[in-house]
Amino acid sequence: MVNMIRRGSYAWEPFLNGMATERSVITIDGMRIYAACTDKMDPITSYVEVTNLAGATIHSGSASSTGGSTIAGTLDLVRKKGSFGQSALNGMAFTGFETNNKQKIVGGSLNYSHPKFFTDVDFTIRDAGNYRAGGGQEIQYSQFTKYNISAQAGYKIKKHQQIEASLIYDKAVDVGYPALPMDVSLAKALIGSVSYTRHHISPLISQWQSKIYYNDVTHVMDDTERPNVPIRMDMPGWSKTAGFYSMLQGTSNRHDWKANLSGHYNKSLAEMTMFSNTPNEKDMFMLTWPGVQTYYGDLFIEDKYALSDKWNAAFSAGLAVHHNNIDNQFGLQSLRIFYPEMPGSKTRLLKRLSASVRHDAANWIYTFGAAYGERAPSVSEGYGFYLFNSFDRFDYIGNPDMRNEKSASVNASLAYQKAAFTAKINGSYFYIDDYILGRPRNGLSVMTIGAYGVKVYEQLKYATILNTSIDLGYQITKEFLWTGQLGYRRGTGENGLLLPLMQPFTYNSVITFARKSFSADASINGSSSHTRYNPQFGEKGLPAYAVFNISFANRFKFNGAQALTLKTGVENLLDRNYTTFADWNRIPRIGRNFFINLIWSF
């Protein structure tokens with residue numbers, strides 16, 4: 001289950017199975033990328049565009065996690081790319097407008113294919129002002145401007161061998177974050193890779209793919225647009241990552257297997273400067289991420305075995321070596337104020353295992369799985385130095401002495417399909433040992449003016465998270481389809497502690513009409529009241545809400561392959577003023593919003 005944590009109208013943070021991004025691995029086309037913001041203003045998902053994505057591959061828990069050691073799961077964003085074929089040139093141009101925040105969208109793509117060569121180039125520009133919540137309240141500092149360019153090219157060396165190159169340049173400026181005390185003047189990423197793929201190597205090996213990649217992320221927080229602040233601050237951050245993976249896949253009798261060797265290097269550095277408002281007083285400078293170098297190597301294997309025509313089993317295992325080193329002596333000495341005996345480096349061994357079975361019967365599919373996974377503390381959790389969290393208004397300090405966090409989990413699903421009706425029930429349960437979270441530490445002075453206190457990352461003896469969901473679908477007639485989803489999550493820790501950001505009972509229901517080139521849909525999504533919250537983490541109770549949306553689309557064909565697609569609709573039709581469990585500081589979501597999109601394909 002994926003939720004999106006929201007701090008503004010830009011760069012929402014994906015949560016897998018109710019766990020923050022520290023507990024998951026998020027990649028783009030298999031590439032590891034570390035964000036450069038200490039306040040999570042730039043999750044990896046912010047550096048791609050919806051228009052250049054083909055889909056997302058999600059694995060829950062530690063099962064099938066080729067991306068590396070994880071507890072919550074993996075999310076790999078897969079970009080669109082061309083293919084070899086007859087010589088052809090096609091593309092599209094699109095534009096859109098949203099009335100609520102006056103968002104303008106312009107973009108296009110060009111694709112060329114050839115029997116030995118293909119290339120794709122696309123770009124998108126978005127520019128939005130402040131949005132208005134239901135009832136007309138303007139949400140200050142919710143504007144953003146974003147530019148994204150993506151390019152890929154492939155060359156066929158031989159019949160079953162090819163090389164591909166890829167490049168993403170993403171830049172956002174003037175990004176407001178109403179839930180935070182600071183905004184972003186610049187978020188920039190350059191992401192590049194080169195890969196080699198060979199097919200049909202032997203009867204045992206069907207494919208070998210290897211990729212090398214590099215990415216450079218720069219993120220600059222500042223408060224220059226805020227009118228009343230007690231002291232001016234600049235908080236830039238940098239993240240540079242270089243890595244590779246090499247994967248073999250094949251089949252043998254009833255076995256379908258894969259093996260993956262991967263590794264990467266990252267350096268994360270962030271700093272903060274406070275500019276005094278008083279003449280002759282010195283500015284204050286500190287490293288909030290003290291130049292942390294991460295070296296990571298991982299070996300993963302998976303085998304799927306067909307026990308019979310109806311029974312299938314899967315097994316996977318992974319072993320990783322994780323090494324942190326503090327490169328900056330000033331940063332190391334700063335942390336030694338709290339940890340005098342702290343070494344400059346630390347090596348960890350991370351293990352993961354999973355097993356599952358699946359049974360396919362007439363109209364029914366049953367699955368059951370179990371997994372074990374470990375993770376190392378993140379850069380912020382291990383080495384963060386006075387990171388302000390506006391959700392609970394505490395400064396956070398990392399703890400390099402923490403043990404690996406460990407999770408044992410089980411999952412099960414039951415799916416039924418007959419004629420026009422489908423139903424699926426999912427459930428997963430995580431028991432997490434040495435659960436990492438921040439806890440108040442008396443006797444420490446705050447660095448941020450107005451902060452309630454200082455929290456130091458510690459470990460609960462254990463925490464548990466239960467995820468449940470039901471998906472339903474019914475093809476009412478040839479033209480009408482109804483789908484619905486229900487979800488609920490519960491998270492508790494040692495001594496009955498309620499974990500933060502747990503999803504209450506939520507639902508959505510969509511009815512879709514499609515006939516020839518015309519389609520329309522009407523949807524409702526909502527939530528019960530949020531009563532199981534924890535004020536220790538800055539949470540507040542929330543009332544129930546329901547939001548209605550409608551949209552229409554039609555595709556007009558002309559001049560052979562050319563077509564014009566028109567899509568329009570209204571979000572939050574009744575202009576409901578509401579906020580959800582996933583919204584930091586309970587900033588209301590967008591009110592009534594009319595939108596229109598035009599896509600010209602050729």
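Owing to the predicted nature of the structure, the values given are computational and were not obtained by experimental measurement.
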First locate atom CE of M221, then atom SG of C37, and finally report the distance between them rounded to the nearest 0.5 Å. 4.0 Å
Ion pair present between D170 and K146, side-chain N to carboxylate O less than 4.0 angstrom? yes
Main-chain N/O of I587 paired with R6 side-chain donor or acceptor, under 3.5 Å: yes
Non-hydrogen atoms of N572 and G591 that approach each other most closely: ND2-CA, 3.4 Å
Strictly under 6.0 Å, is that where the ring centroids of W600 and F602 end up? yes
Before accepting this row, confirm whether a basic side-chain N of the pair K104/D127 lies closer than 4.0 Å to the acidic partner's carboxylate O. yes
Would you say the side-chain atoms of K80 pair up with the backbone N or O of T51, donor to acceptor, closer than 3.5 Å? yes
Side-chain contact, heavy-atom cut-off 4.5 Å: S150 with N148? yes
Flag, side chain of S206 to backbone of Q249, donor-acceptor distance under 3.5 Å: yes
With ring centroids as reference points, do H264 and Y34 lie under 6.0 angstrom apart? yes
Who pairs with R592 by salt bridge (charged side-chain N to carboxylate O under 4.0 Å, His left out), at least two apart in sequence or on another chain? none
When rounded to the nearest 0.5 Å, the distance separating CG of D471 from NZ of K424 is 7.5 Å
Of the non-hydrogen atoms in K304 and A314, which two are nearest, and what is the gap between them? CG-CB, 4.0 Å
Y177 side chain vs V184 backbone, donor-acceptor pair below 3.5 Å: no
Begin from the C-alpha positions of T145 and D174 and carry the test side-chain hydrogen bond (donor to acceptor under 3.5 Å, both in side chains) through to its verdict. CA-CA 6 Å; T145 301; D174 189 26; 5.2 Å; no
Establish, from distance only, whether the side-chain atoms of D122 and S109 form a donor-acceptor pair under 3.5 Å. no
Q207 and R198 side chains, donor-acceptor separation under 3.5 Å: no
For side-chain contact (heavy atoms from CB on, under 4.5 Å), just list the numbers for V25 and R32, CA-CA rounded to whole Å, side-chain angles, deciding distance to a tenth of an Å, and then say yes or no. CA-CA 8 Å; V25 175; R32 289 294 295 263; 3.7 Å; yes
Measure the OG1-CG distance between T468 and N426 for me, rounded to the nearest 0.5 Å. 9.5 Å
Evaluate side-chain hydrogen bond (donor to acceptor under 3.5 Å, both in side chains) for Q143 paired with N101, printing each intermediate quantity in order. CA-CA 8 Å; Q143 79 289 342; N101 59 355; over 6 Å; no
Thinking salt bridges, do E164 and K211 make one under a 4.0 Å N-O criterion? no
Could you go through the side-chain contact (heavy atoms from CB on, under 4.5 Å) check for W238 and D216 one step at a time? CA-CA 8 Å; W238 302 271; D216 189 333; 5.6 Å; no
Distance check, rounded to the nearest 0.5 Å: D575 atom CG versus N100 atom CG? 8.0 Å
I'd like to know if the side chain of S166 reaches the main chain of S193, judged simply by a donor and an acceptor atom lying under 3.5 Å from each other, with no hydrogens or angles considered. no
Polar side chain donor-acceptor pair, Q417 to N363, under 3.5 angstrom: no
Gap between atom OH of Y245 and atom OG of S262 - 0.5 Å precision: 10.0 Å
Would you mind telling me which of N597, T512, D521 makes a side chain to side chain donor-acceptor pair (under 3.5 Å) with S551? D521
Do any N or O atoms from the side chain of S62 and from the backbone of T70 form a donor-acceptor pair under 3.5 angstrom? yes
Kindly check if the number of other-residue, nucleotide or ligand heavy atoms within 6.0 Å of OH (Y112) is above 12? yes
Can you list, pair by pair, the side-chain donor-acceptor contacts under 3.5 Å of residues 134-141, counting residues two or more places apart and other chains?
{"residue": "E138", "atom": "OE2", "partner": "N130", "partner atom": "ND2", "Å": "3.0"}

Ignoring hydrogens and angles, tell me if any N or O in the side chain of D76 forms a donor-acceptor pair with the backbone of D29 under 3.5 Å. yes
Report the C-alpha distance between I33 and T241 in whole Å, list the side-chain angles of each, state the deciding distance to 0.1 Å, and finish with yes or no for side-chain contact (heavy atoms from CB on, under 4.5 Å). CA-CA 6 Å; I33 302 169; T241 306; 5.7 Å; no
Short side-chain donor-acceptor distance under 3.5 Å, N554 and S517: yes
Salt bridge present between E22 and K40 (N-O < 4.0 angstrom): yes
Scanning both residues in full, the closest heavy-atom pair of A187 with Y47 reads CB-OH, 4.1 Å
Checking the side chain of S9 only, and the main-chain atoms of S142 only, is there a donor and an acceptor separated by less than 3.5 Å? yes
Closest heavy-atom contact between S24 and L16? CB-CD2, 4.4 Å
Would you tell me whether W12 and T45 have side-chain atoms, one donor and one acceptor, within less than 3.5 Å of each other? no
With a 4.5 Å cut-off on side-chain heavy atoms, are Q103 and F595 touching? no
Can you confirm whether more than 12 heavy atoms, excluding those of K258, are under 6.0 Å from its NZ atom? yes
R589 and T580: side-chain donor and acceptor closer than 3.5 Å? yes
D583 CG to Y578 OH distance, which is reported to the nearest 0.5 Å: 8.0 Å
Do D120 side-chain atoms and K81 backbone N/O form a donor-acceptor pair below 3.5 Å? no
Residues N467 and R489: side-chain donor-acceptor under 3.5 angstrom: yes
Test side-chain contact (heavy atoms from CB on, under 4.5 Å) on S239 and N266; report intermediate values, then the result. CA-CA 7 Å; S239 169; N266 169 262; 3.0 Å; yes
How about F513 and F480: are their ring centres within less than 6.0 Å of each other? yes
Using modelled atom types only, decide if a donor and an acceptor are shared between the side chain of D42 and the backbone of A11 within a distance under 3.5 Å. no
Under a plain distance cut-off of 3.5 Å, with no hydrogens placed, do W208 and S246 share a side-chain donor-acceptor pair? yes
Tell me, please, whether W584 has R7 positioned over its six-membered ring: NZ or CZ under 6.0 Å from the ring centre and within 45 degrees of its axis? yes
I'd like to check L190 versus Y214 (side-chain heavy atoms, cut-off strictly below 4.5 Å). Are they in contact? no
Which atom pair, heavy atoms only, marks the closest approach of N585 to A179? ND2-O, 2.6 Å
N17 and A72 have their tightest heavy-atom pair at ND2-O, 2.9 Å
Quick one: do T21 and E13 satisfy side-chain hydrogen bond (donor to acceptor under 3.5 Å, both in side chains)? Show the steps, please. CA-CA 7 Å; T21 47; E13 178 192 0; 2.9 Å; yes
Hey, does S527 have a side-chain heavy atom less than 4.5 Å from the side chain of F581? no
Between W364 and Y416, is the ring centroid distance below 6.0 Å? yes
Kindly confirm or rule out a cation-pi arrangement of K156 over F84, judged by NZ or CZ under 6.0 Å from the six-membered ring centre and within 45° of its axis? yes
With heavy-atom distances below 4.5 Å as the criterion, would you say the side chains of F518 and F552 are in contact? yes
